[in-house]
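Heads up: the structure comes next, in structure tokens.
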Amino acid sequence: MVTATPTPLARRRPTGRPVLRLLILVVIVAVVLYPLIWMVGTSVKSQEEIVNNIGLLPERFTPGNYTAGWSNFDVSFGRFFVNSALVSLLTVVGNGLSCLLAAYAFARLRFRLRGMWFAVMIGTLLLPQHVLIVPQYILFRTLGLVGGDWPYLPLLIPQFLATEAFFVFLMVQFMRGVPRELDEAARIDGAGPYGIFRHIILPLSRPALVTTAIFSFIWTWNDFFRQLVFLSQLEDYTVPVALTLFIDSTSQSAVGPMFAMSVLSLLPVFLFFVAFQRMLVEGINTSGIKG
Amino acid sequence: MALTTAPDPTRRGPGSGRAHPARRGPGTIRHREGLAAYVFLSPWLIGLMGVTAIPMLLSLYLSFTNYDILTPFSEVEWVGLANYERMFTADPSYWHAVRVTLTFALIAVPLKLAAALGVALLLNRAWRGVGLFRGLFYLPSLLGGSVALAIVWVNMFNRDGAFNSLLSLVGIEGRPWVNDPDWALETLMVLAIWQFGAPMVIFLAGLKQVPTELYEAASVDGAGRFRQFRNVTLPMLSPVIFFNLVLETINGFQGFTAAFVLSNGTGGPVDSTLMYTLNLYITGFTELQMGYASAMAWVFLLAIAAITAIFFSTGRFWVHYSDGEDR
């Protein structure tokens, strides 16, 4: 990301025993990846093999768990995926838009009480969502939005109102790195605050927007607590909430399908990871260190 | 709201008093900028008021009532401090949840940070392939609090899960870890530690900031690797350690998904995984004691604020900033 200034690596120290280090790292990688590989392996094992074959990979590749899991409930898993995708994508849009607007004001504009509002924003950064969930539930229920015609409103409204302070903060940090001279030049050309936002900040904030979009998608896709609280109808369930249905069915026969759906549910995040690995890691670098 | 002193964002017509020549008056650049700022801020302000501040005040009020969502607001009974009294004196499961959460955070957070720092030190060299390792270690953190991962974890530590299969290879008889009250929470701790990737990446960034000259100077003074680590790396890294410690502790207190999945939303076996937030969820949304749950939420908020404050007040004794702003 842009705010990360490249600094020389501490690489001039004697490197010790590189082979030993590599060996240790490979062992740790094996431990870290084992559960994930085991998950994928189990998802293509037959029921019999799940019980008897303790190896990571199946002796016979059995894709049946995927079809069985897909239609394990009254509602197809496809529906849950569509629901999750809808919630996640709209969250991306909402977070990107609303946080960018707020961040522009905090980073570039002078206004009364700026210091106070900024402190309040930072304060909400550490506010646990569990504290707000009970009153928010009551609020949205009173407004008739829980289980209503569009059950995702309680999940989405906060996202369109820049309540994800982390992203506001991230964008403020980013915008502080955009040279002020650009604003001055635009101002001389007659641009006001709106023009500067539209023609300078918006185009230049692309990297911050992309980082926000990626994290916002992944976090919403993985989020469970809010979706568990606000979604009550089976056909409205998102993927994480639907996955817990498998736990309810106590029979062991559902392990294969459950694993298959678990693998599928992680697939979008995994694909994001593969595509944006560099950006993700640098994203938490910069957001983590600065400030 | 502070609209009495702040420019009103709704009053932003282009003609609003543009004839005033006064420096801070309407029509000046400064004034226009102030108005524009509040326009840009308005979604955030509405969110702050509507989704954060007012709900919080509502929850503070409800914490003194016996609200259960089924009875209308007009019939809600004010019970004074009864909820707080019950919490602190008459609800053993509340204290149990506090103990479970503290145990979890006290053990899992330091081990997770140690793992993160250890691996970061191993990766803090420039060589081909380091990026691949970094990414692979980060992957579990990214999948983080997902239900799918918790499901896998629970099954891996089942009676006939992968972990026991591995143990049997070396001749150790396993046990049904997740169903054993003595081991269920430990299983969740291992899951948390396994996700050391996020703090690791932050440690790596911090390690890159340590000036090489310091190591050279220490080395000239005859300091070995361990002394270099103790006297150069740790102090230089202390702001990053501090940041990770605060962040991971707060995260640790909020653990919910894995505990929910492991116990199917009950906190079992025998309440061994009854994390604070899970207890709050059960109280508020299963038992519908929303007044009581609000009281729990407020104590939680104050506890987190207090712990953060303690971190910050003790931090100045061991966190060193290289720009000389130690105190």
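Because the structure is a prediction, the values reported are computed rather than measured. Proteins get letters first, then strands, A, B, ... in listed order; numbering begins at 1 in each.
In plain terms, the two heavy atoms of B:Leu41 and A:Ala105 that are nearest each other are CG-CB, 3.7 Å. When all heavy atoms of B:Tyr38 and A:Arg112 are compared, the closest pair comes out as OH-O, 2.8 Å. Residues B:Ala36 and A:Leu109 approach most closely at C-CD1, 4.1 Å, considering heavy atoms. Of all non-hydrogen atoms in B:Pro43 and A:Leu101, the two that sit nearest each other are CG-CD1, 4.1 Å.
Chain B forms the most heavy-atom pairs under 4.5 Å with one residue out of A:Val120, A:Leu139, A:Val168, A:Val263, and that residue is A:Val120. Between chain B and the options A:Arg114, A:His130, A:Met261, heavy-atom pairs under 4.5 Å are most frequent for A:His130. Among the candidates B:Phe133, B:Phe300, B:Phe196, the residue making the largest number of heavy-atom pairs closer than 4.5 Å to chain A is B:Phe133. Between chain B and the residues A:Met258, A:Arg108, A:Arg110, A:Arg187, the largest count of heavy-atom pairs under 4.5 Å involves A:Arg110. Of the listed residues (B:Leu142, B:Leu48, B:Asn251), the one with the most heavy-atom contacts under 4.5 Å to chain A is B:Leu142. Taking A:Leu127, A:Asp223, A:Ile157, A:Thr142 one by one and counting their heavy-atom pairs under 4.5 Å with chain B, the maximum is reached by A:Leu127. In terms of non-hydrogen atom pairs under 4.5 Å with chain A, the most contact-rich of B:Ile151, B:Leu58, B:Val246 is B:Ile151. Comparing B:Gly131, B:Ala115, B:Ala162 by how many heavy-atom pairs each has under 4.5 Å with chain A, the most go to B:Ala162. Per-residue heavy-atom pair counts under 4.5 Å with chain B were compared for A:Thr124, A:Leu56, A:Val239, A:Leu228, and the maximum is reached by A:Leu228. Chosen from B:Ile46, B:Ile304, B:Val51, B:Leu166, the residue pairing most often with chain A at heavy-atom distances under 4.5 Å is B:Val51.
Note: A:Ile133 CD1 to B:Ser294 OG = 12.0 Å, rounded to the nearest 0.5 Å. Going from atom CD of A:Gln129 over to atom OG1 of B:Thr52 covers 12.0 Å, rounded to the nearest 0.5 Å. Rounded to the nearest 0.5 Å, atoms OG (A:Ser262) and CG (B:Asn155) are 8.0 Å apart.
With hydrogens and angles ignored, the 3.5 Å screen pairs no side-chain donor or acceptor of A:Tyr104 with any backbone N or O of B:Ala37.
For a residue to count as touching a neighbouring chain, one of its non-hydrogen atoms must lie under 4.5 Å from one of that chain's; by this rule A:Met121 touches chain B with backbone and side chain alike. Neither the backbone nor the side chain of B:Tyr276 comes within less than 4.5 Å of any heavy atom of chain A. Contact of A:Phe273 with chain B is made through backbone and side chain together, with heavy-atom distances under 4.5 Å. Residue contact with chain A, scored on non-hydrogen atoms closer than 4.5 Å, is absent for B:Phe253. In this structure, the portion of B:Trp153 lying under 4.5 Å from any heavy atom of chain A is its side chain and not its backbone. Contacts of B:Leu139 with chain A are made by both backbone and side-chain atoms, with heavy-atom separations under 4.5 Å. Within the 4.5 angstrom heavy-atom criterion, only side-chain atoms of B:Thr308, from C-beta onward, approach chain A. If you measure heavy-atom distances from B:Leu136 to chain A, the contacts under 4.5 Å come from both the backbone and the side chain. Only the side chain of A:Arg141 comes within less than 4.5 Å of a heavy atom of chain B; its backbone N, CA, C and O stay farther away.
By the 4.5 Å heavy-atom criterion applied to side chains, B:Ile250 and A:Pro128 are not counted as neighbours. Contact check for B:Tyr281 versus A:Val134: no side-chain heavy atoms found under the 4.5 Å cut-off. Using a 4.5 Å heavy-atom threshold, the side chains of B:Ser146 and A:Leu266 count as touching. Side-chain contact between B:Leu35 and A:Phe111: absent, with no pair of heavy atoms (C-beta onward) separated by less than 4.5 Å.
Using a 30° and 60° split on the angle between ring planes, A:Phe225 and B:Phe256 fall in the perpendicular class, above 60°. The aromatic rings of A:Tyr137 and B:Phe285 sit perpendicular, their planes meeting at an angle over 60°, well past the 30° parallel limit.
The ring of B:Phe40 has its center no closer than 6.0 angstrom to the ring center of A:Phe106.
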Distance-only check: which donor-acceptor pairs under 3.5 Å involve side-chain atoms of residues 24-43 of chain A, not counting sequence neighbours?
unit_1	atom_1	unit_2	atom_2	d
A:Thr42	OG1	A:Trp38	O	2.7
A:Ser43	OG	A:Val40	O	2.7
A:Ser43	OG	A:Tyr66	OH	2.8

